[in-house]
4 protein chains.
Amino acid sequence: MATLNKVTLIGYLGHAPELRYTNGGDPVAHFTLATTETWKDKATGEKKEATEWHRIVMYRKLAEISGEFLKKGSLVYIEGKLQSRKWTGKDGVERVTVEIIADDMRMLGGRHAGHEDGQQAAHDAEPRHQSAPAKGRQPQFEYEDDAIPF
Amino acid sequence: MATLNKVTLIGYLGHAPELRYTNGGDPVAHFTLATTETWKDKATGEKKEATEWHRIVMYRKLAEISGEFLKKGSLVYIEGKLQSRKWTGKDGVERVTVEIIADDMRMLGGRHAGHEDGQQAAHDAEPRHQSAPAKGRQPQFEYEDDAIPF
Amino acid sequence: MATLNKVTLIGYLGHAPELRYTNGGDPVAHFTLATTETWKDKATGEKKEATEWHRIVMYRKLAEISGEFLKKGSLVYIEGKLQSRKWTGKDGVERVTVEIIADDMRMLGGRHAGHEDGQQAAHDAEPRHQSAPAKGRQPQFEYEDDAIPF
Amino acid sequence: MATLNKVTLIGYLGHAPELRYTNGGDPVAHFTLATTETWKDKATGEKKEATEWHRIVMYRKLAEISGEFLKKGSLVYIEGKLQSRKWTGKDGVERVTVEIIADDMRMLGGRHAGHEDGQQAAHDAEPRHQSAPAKGRQPQFEYEDDAIPF
DNA sequence: TTTT
DNA sequence: TTTT
């Protein structure tokens, strides 16, 4: 295919992760993440600020770790892909929501930093980047991905 | 701040860039970009494929270059940030559109690869990444690299 | 061209930035950055850890900001490119040193987090990423976002 | 840990991958990758160009795929981490080599584009990014990582 | 030489 | 609406 779909974010959680479960019993976590950019208006010289809210979705082990260690205000590094999802509201209007399906997360502290225990890299499925030294790597857990209807 | 909002894509243009102009006369380009992932269904063993469409927006010089060299089917590398935008349709319903505001683009060829002339990196505003070689880059900056013992 | 050379790091400074000046008077900062990965040895089950040290180089404004706000132990996000440099030691042996020429830096706190004033994104040359919000950013660019039906 | 060590490259292979095997029988591929940046000298106005050569290392399945499909001149997207390795030459001098341990590769074509069959994303270990749709994902292969001494 |  |  030769295509790439990647999102990298560092931001603050707007609320604690909401943890749910699929029919198959797999955990799914949802939360929002805020990134803020600031700049100085060239004309008026005044400081400006804009916040972007991102919808983060995590599955399986990453969902569990986030559910356990992340809180409102946590600062995290997130890596994932963009995925849009169509849904129809009660008003009968079809809408599209764009979400980031995360597959890597690192806790960076922040206002309400979590337990020391959580200060690690966490990945969806097999670790790839940080967690993959040249020798002695470990396979990890088995997950059935079928049926994640949320 | 300490936040980061970054998207990295490699994909195919769904249509040639639409070039418009702001009131101030600055060019703005819009196009869609397809990324496709393929996988094999664990249960049935059949090949699966899913395509994600991304809405790309470019300004100024990057918009001009894209308008000139990119076509339907072009393969490009895009770097930018996520930005959501609210708008109200003719039906009076408010919706949110998520776009990627690009600030870096590289042509990678594809089915209808553009001119050789366009086979370069292009950036919004001042170059940052690729554009700072060790020696002889910019007149306003002469550095003797020989003696950097670190 | 169509090439890309990019490094993204989050790590801890091994020592405060060393600030020097080129003949032309431009500031250059050097420091080392540690990234650490941990894993569990599959066979023995024991915890393993490996630290990688990266040589970071910054120029101009980014060098100044880092010289002012970063210390030993600071946690930072760094973006840049790989660049190798040949040099001959006093022993007459030629060696190659690989450095990361940074063009983006964000302070993330860490043990000895810097001033609040330093808690911002900093870029080499003109800002590109974070710095281009949808409205009201720059005087030289007025865009009416209301009517971008795409 | 909260650290990150990531390299992203798009470049051309300097030579076909050299495929070797560890004592444990696992494949390891080595090749060099060229990234080139071009700029115009502000003072003289002449075109400048600098090429950076990166040492890429791949293991297991990624090594196999690369050994099969990549050639001299292939254009690829590479993702991985920086890792330095000390070694002592026949002259008794200790040197450090910095390599990129790749965990993701996408073929982008290039001068001598490979088989159509190879035009896919390939990952080290479990797929994470592109290859991880919401449903029906697949675990993949089992590899014993022990003993990769090259 | 960092950090958790 | 792209591409392989």
Side-chain angles (χ1 to χ4, degrees), chain A residues 1-5 69 77 84 106-109 113-122 130, chain B residues 9-18 30-39 47-56 70-78 107-113 150, chain C residues 9-18 30-39 47-56 70-78 107-113 150, chain D residues 1-5 69 77 84 106-109 113-122 130:
Chain A
M1 238 12 34
T3 66
L4 177 77
N5 173 0
F69 295 111
Y77 168 91
S84 57
R106 320 231 164 165
M107 301 178 65
L108 298 172
H115 296 200
E116 285 313 299
D117 319 64
Q119 294 292 112
Q120 312 160 16
Q130 286 289 98
Chain B
L9 303 171
I10 295 175
Y12 297 91
L13 272 77
H15 58 83
E18 296 167 16
H30 288 84
F31 58 86
T32 55
L33 194 75
T35 57
T36 306
E37 54 177 314
T38 56
W39 68 99
K47 281 191 179 176
K48 296 275 193 171
E49 180 178 302
T51 294
E52 187 70 30
W53 286 98
H54 311 272
R55 306 171 85 85
I56 312 295
L70 300 186
K71 311 170 186 174
K72 179 177 181 171
S74 295
L75 180 64
V76 294
Y77 168 91
I78 293 281
M107 302 179 63
L108 298 172
R111 256 240 259 188
H112 322 276
F150 215 81
Chain C
L9 302 171
I10 296 175
Y12 296 91
L13 273 77
H15 57 85
E18 296 167 15
H30 287 84
F31 58 86
T32 54
L33 194 74
T35 57
T36 305
E37 54 176 315
T38 56
W39 69 98
K47 281 190 178 177
K48 296 274 193 173
E49 180 178 302
T51 294
E52 187 70 29
W53 286 97
H54 311 271
R55 307 171 84 85
I56 312 295
L70 300 187
K71 313 171 185 174
K72 178 177 182 173
S74 295
L75 180 65
V76 294
Y77 169 92
I78 293 280
M107 301 179 64
L108 297 173
R111 255 239 257 187
H112 322 275
F150 215 80
Chain D
M1 234 23 26
T3 66
L4 178 77
N5 173 1
F69 295 111
Y77 168 91
S84 56
R106 321 228 166 168
M107 301 179 64
L108 298 173
H115 297 201
E116 286 312 301
D117 319 65
Q119 294 293 110
Q120 311 160 17
Q130 287 290 98

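These values consider heavy atoms only, across backbone and side chains, with no hydrogens, waters or symmetry-generated copies. To find a chain, count down the sequence lines: A is the first, B the second, and so on, and within it residues start at 1. Predicted, not measured: the structure shown is a model, and the values here were computed from it.
Residue B:Tyr12 has its side chain nearest to F:dT4 when only E:dT4, F:dT4, E:dT1 are considered. Considering only the side chain of C:His15, E:dT1 comes nearest among F:dT2, E:dT1, E:dT2. For C:Thr36, whose side chain is taken as the heavy atoms from C-beta onward, the closest listed nucleotide among F:dT2, E:dT1, E:dT2 is E:dT2.
Atom NE2 of C:His30 and atom C1' of E:dT2 are 18 Å apart (whole Å). We find that CD of C:Glu52 is positioned 20 Å from P of E:dT4, with the value rounded to whole Å. Rounded to a whole Å, the CG atom of A:Leu108 is 15 Å from the C1' atom of E:dT2. In this structure, the CZ atom of C:Phe31 is 14 Å from the P atom of E:dT3, given to the nearest Å. Separating the CE atom of B:Met107 from the P atom of F:dT3 is a distance of 14 Å, rounded to the nearest angstrom. Going from atom CD1 of C:Ile78 over to atom P of E:dT3 covers 16 Å, rounded to whole Å. With rounding to whole Å, A:Tyr77 atom OH is found 19 Å from E:dT4 atom C1'. Residue C:Lys71 contributes atom NZ, which lies 12 Å from atom P of E:dT3 at whole-angstrom precision.
B:Leu13 has its side chain within reach of B:Leu33: a pair of non-hydrogen atoms, C-beta onward, lies under 4.5 Å apart. Put simply, the side chain of C:Leu9 reaches to within 4.5 Å of the side chain of C:His54, judged on heavy atoms.
Evaluation of B:Trp53 against the base of F:dT2 yields no stacking contact (centre distance < 5.5 Å, interplanar angle < 30° required).
The backbone N or O of B:Thr36 sits less than 3.5 Å from a side-chain atom of A:Thr3, completing a donor-acceptor pair.
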Verdict with supporting geometry, C:Thr38 and C:Lys47, side-chain contact (heavy atoms from CB on, under 4.5 Å): CA-CA 7 Å; C:Thr38 56; C:Lys47 281 190 178 177; over 6 Å; no
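Within 3.5 Å, no donor on the side chain of D:Thr3 pairs with an acceptor on the base of E:dT3, nor the reverse.
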